[in-house]
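Data first, discussion second: the structure below is written as structure tokens.
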Amino acid sequence: HRLIRRQRQMCIRDRNTAALSVTSKENDPMTNQNRLWQALLGATDTGPITSANFEQAIGANLDAPSVVTGAFLKKKDANLGASLTLRYKADGNGPYYLTIGSGVSNDDISILVNGVQVSEIPSHRHTIILPLPNANKNAQQTITITLKKASVWLQDVSLYHLKTEVFQQQASSLQQNGLKISSATSTKITGSIKMPIGSGLLMTTIPASSGWKMYVDGREVDTIKVANFFMAAVIGPGEHTVTFKYSVPMLRYGVITTIGFILFMIGFSWSEGARKKRRVKDLTLH
């Protein structure tokens, strides 16, 4: 089911190979998404994701920082509870997100959004993205961070906004020459695409892995990893039939090993049975 969802989200680059030069910035997922998106569009203007500011920060049993990202919070009285309340006003044009760095875990803080407890912060080694509830225009939103320890470092804790109108306009441009899927299963996706002159990169949102193979007009092509994660391939202009196939890595060797083990066990069982028969025969003769 995950593979079918991926093919529905497939994105095809139809202009140039600018995405190949995109580099990922460590622990900055929002900037990375903007960079890749702009490269796919061939645009130099701002992407749909922007940094947002908190309008107000209120501390309880701690000093409220002037800058939230990277702030170090410490309880004034270690024996009492402490929290930081952050407020922002939604603009009604798209969702907001909160990033959380690897230095912040569920053991350090708990988060309430508009008074409602959000799910526990999952275990993570890199900065993660926490979706915030959608809100109407000018609706006041409140995030409360409660400390579970005497102090905490708000590593990469930042607020971001996805501008829906900008995103939809730019997405429609990408979809003009997208892959038209004719058939799809959990392990095989087939479709057609018309690559315009001057295009070079066919990119998908399928994660690059040893299990996936790409075929263009019936021939397997070498794939490229874009942004150190997504599978892509360089192909020429014109109409093409594209097929993506997935097989479990090392499955063939696993099957061979299993068959070999079964044959070994059959042989072992047969030899043990033959020995027992010989013993019974010897005992009978004696």
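A quick note: this is a predicted structure, and the numbers were derived from the prediction, not measured.
Residue Lys213 holds its NZ atom at 14.0 Å from OG1 of Thr243, rounded to the nearest 0.5 Å. One finds the OG atom of Ser102 at 10.5 Å from the CZ atom of Arg125 (value rounded to the nearest 0.5 Å). Atom-to-atom distance recorded for Ser83:OG and Ile143:CD1 is 13.0 Å, nearest 0.5 angstrom. If you take CG on Leu179 and NE2 on His240, they are separated by 12.0 Å, rounding to the nearest 0.5 Å.
For the pair Ser183/Lys188, no side-chain contact is recorded, criterion being any heavy-atom separation below 4.5 Å from C-beta on. Put simply, the side chain of Val113 reaches to within 4.5 Å of the side chain of Pro133, judged on heavy atoms. Considering only heavy atoms from C-beta on, Leu86 stays 4.5 Å or farther from Thr142 through its side chain. The side-chain heavy atoms of Ile111 and Thr144, taken from C-beta on, include no pair separated by under 4.5 Å. Contact check for Ile109 versus Lys148: no side-chain heavy atoms found under the 4.5 Å cut-off. Residues Pro65 and Leu84 are in side-chain contact: their nearest non-hydrogen atoms beyond the backbone lie under 4.5 Å apart. Considering only heavy atoms from C-beta on, Phe244 comes within 4.5 Å of Thr204 through its side chain. Between Ile193 and Leu202 there is a side-chain heavy-atom pair separated by less than 4.5 Å.
For Lys245 and Tyr215, the positive end sits near the middle of the six-membered ring, less than 6.0 Å away and at most 45° from its axis.
Listed by first and then second residue, the salt bridge (Lys or Arg N to Asp or Glu O under 4.0 Å) pairs involving residues 68-92 are Asp63-Lys76 (not counting sequence neighbours).
Transitive grouping of hydrophobic side chains (ILVMFWY, heavy atoms separated by less than 4.5 Å) brings Leu147 and Val104 into a common cluster. By the criterion of side-chain heavy atoms lying less than 4.5 angstrom apart, applied directly or through intervening Ile, Leu, Val, Met, Phe, Trp or Tyr residues, Ile128 is grouped together with Val157 in one hydrophobic cluster. In the hydrophobic cluster analysis, where Ile, Leu, Val, Met, Phe, Trp and Tyr join through side-chain heavy atoms closer than 4.5 angstrom, Phe167 is grouped together with Tyr160. Linking Ile, Leu, Val, Met, Phe, Trp and Tyr whenever their side-chain heavy atoms come within less than 4.5 Å leaves Tyr97 and Val166 in two separate clusters. Met30 and Leu154 are assigned to two separate hydrophobic clusters, defined by single-linkage of ILVMFWY side chains at heavy-atom distances under 4.5 Å.
The two residues Phe54 and Leu159 have their closest heavy-atom pair at CZ-CB, 3.7 Å. Considering every non-hydrogen atom in both Lys25 and Asn32, the closest pair reads N-OD1, 2.6 Å. Minimum interatomic distance between Ile189 and Ile206 (heavy atoms only, all atoms of both residues): CD1-CD1, 4.5 Å. The two residues Pro48 and Gln170 have their closest heavy-atom pair at CD-OE1, 3.5 Å. Of all heavy-atom pairs spanning His124 and Ile100, the tightest one is NE2-O, 3.9 Å. Scanning both residues, Met214 and Ala232, for their nearest heavy atoms gives CE-C, 4.1 Å.
Using a distance-only test at 3.5 Å, with no hydrogens or angles considered, no donor-acceptor pair links the side chain of Asn136 to the main chain of Gly92. Under the 3.5 Å distance criterion, the side-chain polar atoms of Asn34 are matched with a main-chain donor or acceptor of Ile49. His161 places a side-chain N or O within 3.5 Å of a backbone atom of Asn93 that can act as its donor or acceptor partner. Looking only at distances, a side-chain donor or acceptor of Gln155 sits under 3.5 Å from a matching main-chain atom of Gly103.
Between the side chains of Asp156 and Thr127, at least one donor-acceptor pair of N or O atoms lies under 3.5 Å. In the model, Ser105 has a side-chain atom that pairs as donor or acceptor with a side-chain atom of Asp108 under 3.5 Å.
Remark: Thr69 engages Ser158 in a side chain to side chain donor-acceptor pair (under 3.5 Å) (not counting sequence neighbours).
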Going through the checks in order, is the ring pair (Phe, Tyr, Trp, His ring centres under 6.0 Å) test met by Tyr246 and Trp212? CA-CA 5 Å; Tyr246 182 82; Trp212 280 104; 5.3 Å; yes
I'd like to know whether Gln33 forms a side chain to side chain contact (heavy atoms under 4.5 Å, CB included) with Ile129, so could you lay out the CA-CA distance, the side-chain angles of the two residues, the decisive distance to 0.1 Å, and finally the verdict. CA-CA 12 Å; Gln33 292 186 57; Ile129 303 171; 3.4 Å; yes
Yes or no on side chain to side chain contact (heavy atoms under 4.5 Å, CB included) for Ile145 and Leu112, after CA distance, side-chain angles and deciding distance? CA-CA 7 Å; Ile145 298 175; Leu112 278 74; over 6 Å; no
Under the side chain to side chain contact (heavy atoms under 4.5 Å, CB included) rule, what do Glu239 and Ser192 come out as? Steps first, then yes or no, please. CA-CA 7 Å; Glu239 296 184 0; Ser192 60; over 6 Å; no
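Aromatic rings of Tyr88 and Tyr96 (six-membered ring for Trp) have centroids within the 6.0 Å cut-off, being under it.
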